[in-house]
Amino acid sequence: MSNAGTTLNKSMPVSSKPKERTKAKKRYLKAKKERRKNRKTLTKSDTGGESGKRGPTATKALGSSGEGEDEENSASGSDAPDSDDATIAKPKEYQEEQRPRKRRKLDEADPPESELDVHAAEDDLRLDDEEVTVQASLLRPRSPTPVVALPSFPLPKRPDAPSKATLALQGLDKALIEAEIVDPSGLLAFDTTPDSDGGTGLSERTRRRLRDLGISELFAVQTAVIPFLLPPSRLRSLYLPYDPPQDLCVSAPTGSGKTLAYVLPITEALTSRIVTRLRALVVLPTRDLVNQVRETFEAVAKGRGLKIGTATGQHSFAHEQAQLVAERSRHVQGGSSKVDILISTPGRLIDHLNGTQNFSLQHLRYLVIDEADRLLAQSFQDWLAQVLSATKPPQRSEDLLETSTAYTSLLPTSNLSSSSVPHPDALAPAFLHLLDNVLCIRTDVDERKEPSCQKLLFSATLTRDPSKIAALDLHNPKYFVVQSQTDRVISKEEGVLNLVMEKFSMPSTLSEHMIVCDTSEKPLMLFYLVHARAVTNALIFTKSAESTARLVRLFEFFESAMSPSAEQSGAQIVAKAYSSDLSPGERKMILEKFKNQEIHILVCSDLISRGIDISHVSHVVSYDAPVDIRKYVHRVGRTARAGRSGDAWTLVEEQEARHFKTMLKGADHLDKVKRLRVSEKDVAALRPTYESALIQLKEAYARSTS
Ligand SMILES: Nc1ncnc2c1ncn2[C@@H]1O[C@H](COP(=O)(O)OP(=O)(O)OP(=O)(O)O)[C@@H](O)[C@H]1O
């Protein structure tokens with residue numbers, strides 16, 4: 001408004017005779033009023049008062065003064081328009097179009113009614129602008145109530161974007177998200193006093209036994225798992241038909257003590273058993289591991305009277321049957337077992353399930369799947385589904401008759417002899433309803449009895465593959481993830497993500513190196529490591545049994561040429577092959593010799609890359625680089641076990657370097673593997689011997705093929 005006033009002031013200088021002009025204005029206004037009155041009277045008489053029928057054309061014909069009146073009405077508010085003028089109201093856009101430019105400019109500044117009139121007579125009259133402005137502000141309608149600012153709606157608050165970790169955790173199994181992250185440095189020392197178990201959950205007897213074995217503290221994974229598996233003694237019960245136990249998944253680095261984490265609680269829990277039944281089954285991928293775990297069980301359970309058996313195919317099937325089952329002449333519904341604990345490979349286990357009378361898993365309290373990711377990837381005879389179904393009673397029918405036939409129909413026909421005798425005490429609680437000759441009358445309050453089998457999964461590279469995990473049908477599983485926190489304390493989310501993203505934890509005492517070299521130089525690099533870097537007490541991994549045998553022969557030629565006198569004096573470095581080409585007996589003997597340090601270097605395929613625990617292994621060499629991170633983790637994990645230090649070396653061919661580095665990078669591990677550059681100067685002294693050993697090897701192969 002003030003702007004408009006200023007504009008007027010400049011463009012219309014005030015006249016020298018204001019008084020006479022004011023009178024003239026009054027006269028003009030009066031005349032104008034008269035004219036308007038007359039015109040209205042005329043219009044009414046013309047239209048007979050039907051102003052509503054007037055169109056825009058008629059309105060236009062009224063001339064400029066009429067138009068001004070329209071604006072006057074609109075300015076006075078649309079709520080109570082003068083009835084006549086309202087009828088000729090035109091759309092705003094239309095009015096805008098008709099107005100002269102100058103008028104429009106003033107309108108924009110919201111002129112008062114009186115001002116409009118003044119402009120209508122602008123050619124004749126010059127008004128004092130300020131006077132007009134004051135009048136205008138006085139004429140503007142005012143609200144009877146004080147104007148209060150309306151409360152504004154609060155602006156919608158944008159929620160904080162979820163963190164990357166939260167997004168990555170979406171869709172994961174709830175049990176996995178709620179995993180417990182365990183710090184590997186958390187050791188728990190214990191003593192052998194009878195009054196307190198020191199938080200271990202172990203009996204005085206077990207603690208004393210551990211002391212005898214040279215163990216005085218529990219490792220981190222054991223401090224987490226043992227109390228979980230051994231609740232307070234009053235709650236310990238072998239069968240929990242109405243409250244089946246929570247299953248368990250454990251991911252912990254290699255050499256962190258996972259075996260004792262299940263051997264100790266199983267031994268402790270089964271010590272109180274009265275009748276021998278097959279109550280613990282440990283499944284492992286190889287015979288060597290079965291033998292190793294058996295030794296651990298025997299060491300811990302010494303003097304407890306627990307019977308421990310193995311099934312690996314190392315002995316004849318009939319021999320194993322005789323070792324495992326007591327009653328084989330007639331069918332016993334509850335099964336018959338000579339062992340409390342069975343350690344087996346999956347293949348042989350299936351053989352016994354299908355072919356050994358009275359071999360039953362219905363009493364199973366613990367089902368341990370060690371190296372779980374490897375075993376779950378193994379679909380041999382659908383072993384897992386068969387084992388799981390053997391732990392459960394056959395589908396229960398509401399009709400007793402049906403259930404008993406349902407069960408018998410599942411049994412091999414050879415089992416259904418007329419001498420089949422039910423032994424009520426031999427049946428597991430969840431199987432009791434299957435008794436042929438016991439009439440049970442069900443009521444509505446009967447609760448379903450569940451099998452009490454608790455599944456325990458262990459690995460350093462636990463899978464989170466949902467399809468594999470789903471096949472296990474886990475019951476309310478509890479996850480423990482042991483992860484190195486050397487740099488900083490990691491959050492629970494991070495811990496779970498590391499597991500999901502396969503960023504596996506390695507022993508903190510492990511040093512890792514890689515040598516990138518030409519393929520033809522790999523044997524020379526190995527000899528360099530043995531002679532210049534004192535790499536003995538070592539496991540050397542190759543990609544196949546064939547390359548294992550060839551490398552051992554080359555090594556022998558090289559050593560003989562390198563120090564012929566050492567051979568006679570017995571100071572030579574001894575390398576032997578360990579592969580699937582050897583018989584089980586030979587393998588056992590070689591492994592024993594290596595453990596006794598009569599063999600200094602064991603060249604092997606991935607047959608023993610998992611689980612094997614040989615305490616004095618101080619070096620691991622991947623002669624052929626591993627193709628995936630799991631293989632790498634398990635290979636290098638044969639050293640730096642149980643808190644000891646160790647070195648891992650990987651010989652990477654130039655064309656493999658990119659893949660190897662990408663693999664390590666994907667596991668967030670590239671910076672941990674130091675590159676060792678071996679120059680020609682470093683190997684110069686070894687080269688002539690190496691070349692002569694190569695010639696000898698060629699000749700030896702030529703002889704054997706001719
Ligand atoms: N509390 C302990 N105190 C001392 N030594 C222990 C303890 N627990 C386990 N060990 C030893 O640590 C070594 C490694 O244990 P174990 O073989 O159970 O490791 P692991 O976690 O199963 O490794 P992998 O994943 O390679 O199979 C074994 O020699 C075992 O005897």
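Order of appearance sets the numbers: ligands from 1, and atoms from 1 within every ligand. Index from 1, following the sequence.
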Looking only at protein heavy atoms, which one is nearest to atom 21 (O) of ligand 1, and what is the separation? Lys258 NZ, 2.9 Å

Specify the protein heavy atom at minimum distance from atom 9 (C) of ligand 1: its residue, its atom name, and the distance to 0.1 Å. Gln222 NE2, 3.6 Å

Atom NZ of Lys595: over 12 foreign heavy atoms under 6.0 Å: yes

Residue part near ligand 1, for Glu371, under 4.0 Å between non-hydrogen atoms: side chain

Cation-pi, Phe480 ring and Lys478 (6.0 angstrom, 45 degrees): yes

For atom CD of Glu598, is the number of surrounding heavy atoms from other residues, nucleotides or ligands below 6.0 Å larger than 12? yes

Of all protein heavy atoms, the one nearest atom 6 (C) of ligand 1 is Phe219 CE1, 3.3 Å

Starting from atom 23 (O) of ligand 1, what is the nearest protein heavy atom, named by residue and atom, and what distance separates them? Gly255 N, 2.8 Å

Looking at ligand 1, would Arg638 count as a contact under a 4.0 Å heavy-atom criterion? yes

Looking only at distances, please establish whether an N/O atom of ligand 1 is found under 3.5 Å from an N/O atom of Leu260. no

Can you give the donor-acceptor pairs under 3.5 Å from side chains of residues 529-538 to other protein atoms, not counting sequence neighbours?
| residue | atom | partner | partner atom | Å |
| --- | --- | --- | --- | --- |
| His531 | NE2 | Glu559 | OE2 | 2.7 |
| Arg533 | NE | Tyr528 | OH | 3.4 |

Under a 4.0 Å heavy-atom limit, does Thr259 contact ligand 1 with its side chain, its backbone, both, or neither? both

Is it the side chain, the backbone, both or neither of Pro253 that has a heavy atom closer than 4.0 Å to ligand 1? backbone

Could you work out, for atom 24 (P) of ligand 1, the closest of Glu295, Arg641, Glu217, Arg610 by heavy-atom distance? Arg641

Quick check: Asp613 and ligand 1, any N/O pair under 3.5 Å apart? yes

So which protein heavy atom does atom 12 (O) of ligand 1 come closest to, and at what separation? Ala642 CB, 3.2 Å

Thr254 N/O to ligand 1 N/O under 3.5 Å: no

Just distances here: any N/O of Gly257 and N/O of ligand 1 closer than 3.5 Å? yes

State whether the shortest distance between N or O atoms of Ser256 and N or O atoms of ligand 1 falls below 3.5 angstrom. yes

